[in-house]
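Down below is the structure, laid out as structure tokens.
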Protein chains: 2
Amino acid sequence: MNDYISTTVSERDHPLTPEAIRLIATIDEAGSFAAAARVLGKVPSALSYSVRQLEDALDVLLFDRASRTAVLTPAGRELLVEGRRLLLEMDAVASRVKRVASGWEGQLAIAANALMCPHTLLDLVDAFYAQRDTARLPPPTRIRLRQEVLSGTWEALLSGAADLAIGVDADDTRVSGVQVEALGDIPFVFVVAPHHPLARVAEPLDPAMIRMHRAVAIADSAMKLSPVSRNLLPGQDVLTVPTLDMKIDAQLRGLGCGFLPEARVRAHIEAGRLVAKATGEDKVARFAIAWRSAGQRGRALDWWLQQLASPRTRRALLEGVPA
Amino acid sequence: MNDYISTTVSERDHPLTPEAIRLIATIDEAGSFAAAARVLGKVPSALSYSVRQLEDALDVLLFDRASRTAVLTPAGRELLVEGRRLLLEMDAVASRVKRVASGWEGQLAIAANALMCPHTLLDLVDAFYAQRDTARLPPPTRIRLRQEVLSGTWEALLSGAADLAIGVDADDTRVSGVQVEALGDIPFVFVVAPHHPLARVAEPLDPAMIRMHRAVAIADSAMKLSPVSRNLLPGQDVLTVPTLDMKIDAQLRGLGCGFLPEARVRAHIEAGRLVAKATGEDKVARFAIAWRSAGQRGRALDWWLQQLASPRTRRALLEGVPA
DNA sequence: TGTAGTCGTTCAAATAATTTGAATGATGAT
DNA sequence: ATCATCATTCAAATTATTTGAACGACTACA
């Protein structure tokens, strides 16, 4: 008999069912087994049975039965407190699942080119979560925003790490199975600090002259696709930094030269902290958004694509001008 | 009849029982209802019935049955991910309840770095269960021992999958809420098979020379934390293997070169099966143990921390020398 | 102290839920 | 086209839970 009970109990891996937790909570709230039975419309022996099942499975006494009315043990009290929290978690999970079933994605991974205005991106995330449905709930989709550089933006999409890429190179059409939509252009200017030697060289700057000075480059964030190097001359010394902001800062300090998005350095140029130098060619980069066309689209991706279709939003992303 | 069904379903407030979640996870892992039934030792119709019960209760389709093998819907996938997390929470609550009752945890999950001596770990488990209380019973805590590689050891602790991490990188201090205690160092040696080309190259080996030969690396077991790559030179060909033993074996076969714990290959070197080569730098990795500091500690974790404080035990873990 | 009311448990019968075994239609590979 | 394997249907078999009745124990009150 004892062996039989032991075997049955040890095979019950997960005794903490929602019903079991609810039962403990109801007994506590009603004040006794008998009162709880009345509340639940059951007979007291049903509660006795269920509590015993749970106690045996946990190998823990949850109620002290020395007095007439059963009293929660410290362990029982712990289960009550923690169990209530679990019930809330379960409700939340069930709610999430239902909402995902209704069209929302569980998560949406967005890879944004580092040249896109970060402020605008966060505005979009804010607006996304500001949405309210009929139940006054925000979208359940967890947004995972990541920043990429150069071909890292494409790679994130192709590798499946991202569901939406904002700021892929529009001239770098790579693969089928992907939808692409033009976003706009970013004009670049070649700039140096006022105290940099090239600041005093006659324009347009000769490539041979540029080559004699260190360039500042942002490290491509791509891990697998071939790294892309832009506007670097063969044999040129390069200072590599991880972010666009650091590239701007390095050039402000005169550590090197290179092209930067005009909109991002306009204020520095007007304030005389940077000097624009003509190189005899206009540098303009064309950007697009891209997403995988296979499968059904969720409501979250739909929402983002709709926002990104707005010319004002596009300009804000490209130029940092408030939308 | 239809009213009857509807009434029954709508009264099922908490369909997310642990068994239901486990069932979804098992079906996903096994790849199909039929395979999962085989794993669980049940008939397929039992699974069909249970999944239907859950789907009806949630009013959500969890599987797409359009093809021969049922495929998780996005909502089903969401339930799988969130449900797994809930199971961990339930385990944690049950463990805490047991600890409040008796002082012993319900279970103790230990993530051990693959470089820790497996024999010593099992000696410790043996010693743990050899304990006897006044009733001559062993500790009731179920030990769950898992092996991790590189940042996977940290991740197991941070994700809640492990209560104790043995062999985290001591130089990789990651987060608060975690207690860390130094364990010791493991010296590495660069070795190749006697018939490997590098065996005859003059020492110390030049990095450029090393780069021309395939390296053998262990795949990081971390899923979420950034993967860690150690001692690989840029552009080097890499053979990736899942375990340390396979790395040793691959290098014994001359499939590649790389660093290995000195203590683990000492016998191979002395027997001439591997040749140690100086590279001009000493490779030493520093390890620690880590556990979450929140909440009250149970007797099982206390016991393990006490054992791991012993210098003899530490040396045995790090070097495979009997404690 | 005695009495009444109410508590939680035991136990076997009744009821409900889950599992099984067999048959079936459908998919996917060859 | 054939075969293997998938998931489902359905009713019987099995298991789990609930019920109703009886009982011992406690608590409050006269």
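Naming: A, B, ... by sequence-line order, numbering from 1 per chain.
As rounded to whole Å, 13 Å separates atom P of D:dC6 from atom CD1 of B:I27. Atom CG of A:L47 is separated from atom C1' of C:dC7 by 13 Å (rounded to the nearest Å). In this structure, CZ of A:R65 is placed 15 Å from P of D:dT27, rounded to the nearest angstrom. Distance A:L61 CG to C:dT9 P: 11 Å, rounded to the nearest Å. Going from atom CZ of A:F63 over to atom P of C:dC7 covers 14 Å, rounded to whole Å. For the pair B:L23 CG and C:dT18 P, the interatomic distance rounds to 12 Å; values are reported in whole Å. Rounding to whole angstrom units, CG of residue A:L62 and C1' of C:dT9 are separated by 17 Å. Between the CZ atom of A:F33 and the P atom of D:dC26 there is a distance of 16 Å, given to the nearest Å.
At the heavy-atom level, B:G31 lies nowhere under 4.0 Å from the strands shown. When heavy atoms are screened at a 4.0 angstrom cut-off, B:Y49 is found touching base atoms of the nucleic acid.
Fit an axis to the five pairs at each end of the helix from C:dT1-D:dA30 to C:dT30-D:dA1 and the two axes sit 40° apart, to the nearest 10 degrees.
Qualifying side-chain hydrogen bond (donor to acceptor under 3.5 Å, both in side chains) partners for A:E78, counting only residues two or more places apart in sequence or in other chains: none. Residues satisfying the side-chain hydrogen bond (donor to acceptor under 3.5 Å, both in side chains) test with B:E55, not counting sequence neighbours, are B:R52, B:R65. With sequence neighbours excluded, the residues that form a salt bridge (Lys or Arg N to Asp or Glu O under 4.0 Å) with B:R146 are B:E148. Every residue meeting the side-chain contact (heavy atoms from CB on, under 4.5 Å) condition with A:P18, not counting sequence neighbours, appears here in chain and number order: A:L87, A:M90, B:H14, B:T17, B:P18. Listed by chain and residue number, nothing satisfies the salt bridge (Lys or Arg N to Asp or Glu O under 4.0 Å) test with B:E105 (two or more places apart in sequence, or in another chain). For A:D302, the salt bridge (Lys or Arg N to Asp or Glu O under 4.0 Å) partners two or more places apart in sequence, or in a different chain, are A:R297. The salt bridge (Lys or Arg N to Asp or Glu O under 4.0 Å) check on B:D249 picks up B:R253, with sequence neighbours excluded. Remark: B:W303 engages B:F128 in a ring-ring contact (aromatic ring centres under 6.0 Å, His included) (not counting sequence neighbours).
Proximity of residues 72-80 of chain A to DNA chain C (heavy atom under 4.0 angstrom from any strand atom) is not detected for any residue.
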(message) For a quick check, with a 4.0 angstrom heavy-atom cut-off, what is the B/S/- contact string for nucleotides 21-30 of chain C, read 5' to 3'?
(response) B-----BS--
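Sequence neighbours left out, the pairs with a member in residues 36-84 of chain A that pass ring-ring contact (aromatic ring centres under 6.0 Å, His included) are A:F33-A:F63.
For B:K42, the side-chain atoms get nearest to C:dT20 when compared with the rest of D:dT8, C:dT9, C:dT20. Among C:dT10, C:dC7, C:dT20, the nucleotide with an atom closest to any side-chain atom of A:S32 is C:dC7.
Salt bridge present: B:D28 and B:R77 bring a charged side-chain N and a carboxylate O closer than 4.0 Å. One finds no salt bridge joining B:D59 and A:K98 here, because no Lys/Arg side-chain nitrogen approaches an Asp/Glu carboxylate oxygen to under 4.0 Å. Salt bridge status for A:R84 with A:E29: present, with a side-chain N to carboxylate O gap under 4.0 Å.
Between B:Q53 and the phosphate of C:dA17, there is no side-chain N or O to OP1/OP2 separation shorter than 4.0 Å. Taking 4.0 angstrom as the limit, A:R38 places a side-chain polar atom (N or O) nearer than this to OP1 or OP2 of C:dC7.
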